[in-house]
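Report on one structure; see the data block that follows.
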Amino acid sequence: MHILVTNDDGPPSPTSSPYVHSFVRELQKKGHTVSVCLPHTQRSWIGKAHMIGQTVKPLYYKPSASFDPSPSAASKAQGSTYTRPSKNSQDEEWILVDGTPASCAQIGLHHFFQEKGPVDLVVSGPNYGRNTTAVFALSSGTLGGALEAAVCRKKSIALSYAFFSRNHDPAIIDGAARHSVRVIEKLYAGWPADKSIDLYSVNVPLIEGVEDRKTLWTDMLQNYWGENGACFEEVEGSIGDEDEEEERIREGEESGTSTGVGSGEGGEAAQESQTRYPHRHFKWAPKFTDVHKSVEESSPGNDGWAVKEGFTSVTPMKASFFNAATHLHGGELKLDDSDSQGTTNMSVSTLIYRPKQHFYALVAYEDPYVQPLILSALRKIFPPEAYTLLSMPESSAPDEPVSLGKLVSGNNSQILQITPYEAIDWDYVDSHPKTCMVNSYMLRKALIRKHYLSATVEQWVAKRPESVLKTNVKRSEAFELDYAEFLDDALVEAFDLRASLERNAEARPGHDTEWWILKPSMSDRGQGIRLFSTMEELQDIFDQWERDLPESEDENENEADDAAGEGNTAAITTSHLRHFVAQPYIHPPLLAPGAGNNYKFHIRTYVACVGSLDVYVYKQMLALFAGKSYETPTSASATTAAEKGEQQHIDLEAHLTNTCLQRSVRDGTVQRFWDVPLGEDRKRDVFAQVCAVAGEVFEAAARAMLMHFRPLPNAFEIFGLDFLVDAQGVAWLLEVNAFPDFKQTGDELSELVAGLWEQVLRKAAGPFFGGGGKGEEGHGKADDDNEQLVLVRRVDLGR
């Protein structure tokens, strides 16, 4: 084939361009037609630049038959340069231009060598030094030449030699040239016809035996300069520039001062007319310590790591600095044993460095408490070469989906996304059921909206009166209300609620009042919860909310955020004021012995749903205690407040166990459920009830509320279920929360959340992405004795 060679190091030189001569000779040896167009001098670190406003002039270079790359040969003439082209068409003649590598690619493609026929491939290099990792590649003139050829619609390869010594061994250089030609021939023979790849960046380590080492497909390591990323050092501005020295003198003449440092009066004038900045020149002097450190600390599989380990790296690219053909990353480019040119097979073997099941992981949970725990779980389950972490795109907007198609190339690239619900690209998830897994289901209102949950349970129990949901979920009265004055109309069909409130209103002193709890259906973190026992109290609640409504929605959100941040249980936003549920208040609750024997608590249970649909209960449950000791709503203080119509005087901190609401948090507010002194038999019985209810409620949603709960085979989700145990030991389901607030667990029990994520990802991501091997922290498959996820229901939905 006809190959155009350019570089950024210039013509052959033992000190600045020691590799191009042997490479060209090796290409010629293999029977290729080679044309050469190089910068006339070194143009490193110039990227894909062109010199605008400059007329580019060529020189003509006749290379020597052989070339000695050793530094000792620096003074020896090895090749000749002419200002006019040779008249002998048989002479080997290279073109040298006073331009950039990108300009050389342009000029070589369009203005010389037409007599040799169309150029099939452009090779930029071999560069004097590696071009691995983003810091080097983004400024590389070698990549700039290849990129220019690519945007000229030519196949191109950037070739770089990673040297470990400047004492150039001709035998090692010749071996690298032979190996490079084999790699180039293989890449050209198997170049994808679908235009998914524009160019390759190839990095060859200059080591003995490189021809026998593996050649790996890699991605490009994203790295950065260090914290102090200054790449220039200051030098005196008066050094080495006669024109500037003359200008400085003339400035002194204009101000009537002497340039002599000993002139007293002139010195004072100079002091007064001092410039804002000291005049300096700047010399390119980058510090590579942090760049090399980024390679040392990186996971296996990237280009920097491969060269460090003595492998040749091949990075497919588009002419936009994006990695291309990511499904190849981690495999080996199999080179033919013979020198045959006939094969086009791009066979890829699976290596331990990057398994065939390699996947990308976008983990951006936006919660500093949970984020490191998820990353730690991934490290424990998967070896580092099994996945590549992605960062959220800088262009991504809050509450907007992240386009996964732009983050990964090709339909075969596997990706795990663990982000907030709003960032999930549901179109991509739906169209990639075999390669994309996300941490949420798209539809789950049947469970997480309180009025929908009420409808789910009601429909399920109506057809299955023996269901555990009938005995462990309080019947809710769901209603809608836009304005407080229409409360009576809104409760027309709430027969049980109205009857209870009427009995309470007519009751004589000493009668046991039946209390109710009101919850805005769309709220979370306990916002807007109230207790009431009469219609008047309920009316007062809505009247008070209506009086407190702000004039604008923005004002409302700001005030609610401020109030919630201060632990104010009155905080509620306008968006919550439409759908409500009212439930009988569970009294008396089970109170834990110790700590005064009078603190109410609820149980937070984490339930993991995997695929469509396995339901798991995490055995390590939490007990969340109220901030103050428990007293019945009908206690003296509450009764007095109720008689005065001052419902807000009921101290909700004694009744509500959500830690988000507590202004008087004490030690022990959050405990392991299994550490609460309730007796082992009772705790086992409670856990059995929790498992039964959890399995039943998710099956009820999946079968009875198809439009509002739809499990996906390529998704999983962790829900937080809250239970309250009454004095008789019945565990009542209170609510189901999506994206539960893990940080309520606290730092002391963070290992509980870490264990949850590890086991959930084992169940969900492990099988989906190839089973998960032995993680970098030395943990393989979890032992059954340590298994804390209990399978409570396997629902066959036929999906």
Side-chain angles (χ1 to χ4, degrees), residues 1-44 56-101 103-105 107-109 111-117 119-129 141-142 145 149 157 159-161 163 168-181 184 204 206:
M1 57 181 157
H2 183 191
I3 300 175
L4 172 64
V5 174
T6 186
N7 70 6
D8 70 354
D9 294 323
S13 163
T15 57
S16 60
S17 184
Y19 309 139
V20 65
H21 190 282
S22 63
F23 175 68
V24 170
R25 290 289 178 257
E26 188 62 31
L27 287 173
Q28 292 169 335
K29 231 186 269 186
K30 293 296 183 180
H32 299 294
T33 300
V34 183
S35 300
V36 182
C37 185
L38 310 175
H40 76 300
T41 187
Q42 188 185 99
R43 295 293 189 192
S44 296
V56 178
K57 299 180 289 294
L59 295 173
Y60 305 90
Y61 177 82
K62 184 176 181 180
S64 57
S66 60
F67 179 78
D68 184 358
S70 59
S72 60
S75 59
K76 184 169 62 173
Q78 302 188 74
S80 306
T81 303
Y82 304 90
T83 57
R84 304 291 296 176
S86 173
K87 295 181 180 180
N88 186 351
S89 60
Q90 301 303 313
D91 286 347
E92 181 181 13
E93 194 168 56
W94 298 3
I95 306 300
L96 308 181
V97 298
D98 57 348
T100 66
S103 299
C104 291
I107 291 170
L109 284 171
H111 300 281
F112 286 97
F113 316 121
Q114 281 82 2
E115 74 281 1
K116 299 180 182 180
V119 171
D120 300 301
L121 176 70
V122 176
V123 177
S124 183
N127 188 64
Y128 186 12
T142 301
I157 295 173
L159 175 64
S160 306
Y161 289 175
F163 62 82
H168 312 300
D169 186 331
I172 291 178
I173 294 175
D174 289 344
R178 289 191 298 270
H179 178 62
S180 298
V181 171
I184 288 167
V204 178
L206 281 185

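Note that NE2 of His40 is 8.5 Å distant from CG of Leu96, once rounded to the nearest 0.5 Å. Interatomic distance, Ser66 OG to Gln78 CD, rounded to the nearest 0.5 Å: 7.0 Å. Atom CD1 of Ile107 sits about 10.0 Å away from atom CD1 of Ile95, to the nearest 0.5 Å. Interatomic distance, CG of Leu38 versus CZ of Arg43, reported as 12.5 Å (0.5 Å rounding). Here the CZ-CD distance, from Arg178 to Glu26, works out to 6.5 Å after rounding to the nearest 0.5 Å.
Summarising the geometry of Pro71 relative to Pro14, their closest heavy-atom pair is CA-CB, 4.4 Å, with the distance given to 0.1 Å. Pairing each heavy atom of Val34 with each of Lys116, the nearest pair is O-NZ, 3.1 Å. Between His21 and Ser64, the shortest heavy-atom contact is NE2-O, 2.7 Å. In terms of heavy atoms, Ser124 sits closest to Gly145 at OG-CA, 4.0 Å. Taking every heavy atom of both residues into account, Tyr61 and Pro11 meet most closely at CE1-CB, 4.4 Å. Residues Cys37 and Thr6 share a closest heavy-atom pair of O-OG1, 2.8 Å.
Checked by atom type and distance alone, the side chain of Ser17 pairs as donor or acceptor with a backbone atom of Gly10 at under 3.5 Å. The closest donor-acceptor contact from the side chain of His2 to the backbone of Thr33 lies at 3.5 Å or more, if one exists at all.
Applying the side chain to side chain contact (heavy atoms under 4.5 Å, CB included) test to Ser160 and every residue at least two apart in sequence or in another chain returns Asn127, Asn131, Thr142, Asn203. Checked against side chain to side chain contact (heavy atoms under 4.5 Å, CB included), Ser44 has the following partners two or more places apart in sequence or in another chain: Asp8, Asp9, Gln42.
Under the 4.5 Å side-chain criterion, counting only non-hydrogen atoms from C-beta, Ile3 is not in contact with Asp120. Residues Trp94 and Pro63 meet the side-chain proximity criterion, which asks for heavy atoms closer than 4.5 Å.
For the residue pair Lys62 / Ser86, no side-chain donor-acceptor distance below 3.5 Å is found, with atom types taken as modelled. Of the N and O atoms on the side chains of Ser70 and Asp68, at least one donor lies less than 3.5 Å from an acceptor on the other residue.
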Exercise for the section: Begin with the C-alpha distance, continue with both residues' side-chain angles, and end with the deciding distance and a verdict on side-chain contact (heavy atoms from CB on, under 4.5 Å) for Tyr19 and Ile173. Expected result: CA-CA 7 Å; Tyr19 309 139; Ile173 294 175; 3.8 Å; yes

Exercise for the section: Mind running side-chain contact (heavy atoms from CB on, under 4.5 Å) on Val97 and Leu59 for me, showing each step along the way? Expected result: CA-CA 6 Å; Val97 298; Leu59 295 173; over 6 Å; no

Problem - Residue pair Leu109, Val122: steps toward the side-chain contact (heavy atoms from CB on, under 4.5 Å) verdict - result: CA-CA 9 Å; Leu109 284 171; Val122 176; 3.9 Å; yes

Handout entry: Audit row: Leu4, Val123, side-chain contact (heavy atoms from CB on, under 4.5 Å) steps and yes/no
Key = CA-CA 6 Å; Leu4 172 64; Val123 177; over 6 Å; no

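Proximity of the aromatic rings of Phe163 and Tyr128 is defined here by a centroid distance below 6.0 angstrom, and this criterion is met.
Ring orientation note: the planes of Tyr60 and Phe112 are nearly perpendicular, at an angle over 60° on the 30°/60° scale.
Sorted by first and then second residue, the pairs that involve residues 91-101 and meet salt bridge (Lys or Arg N to Asp or Glu O under 4.0 Å), not counting sequence neighbours, are Arg25-Glu92, Lys57-Asp98.
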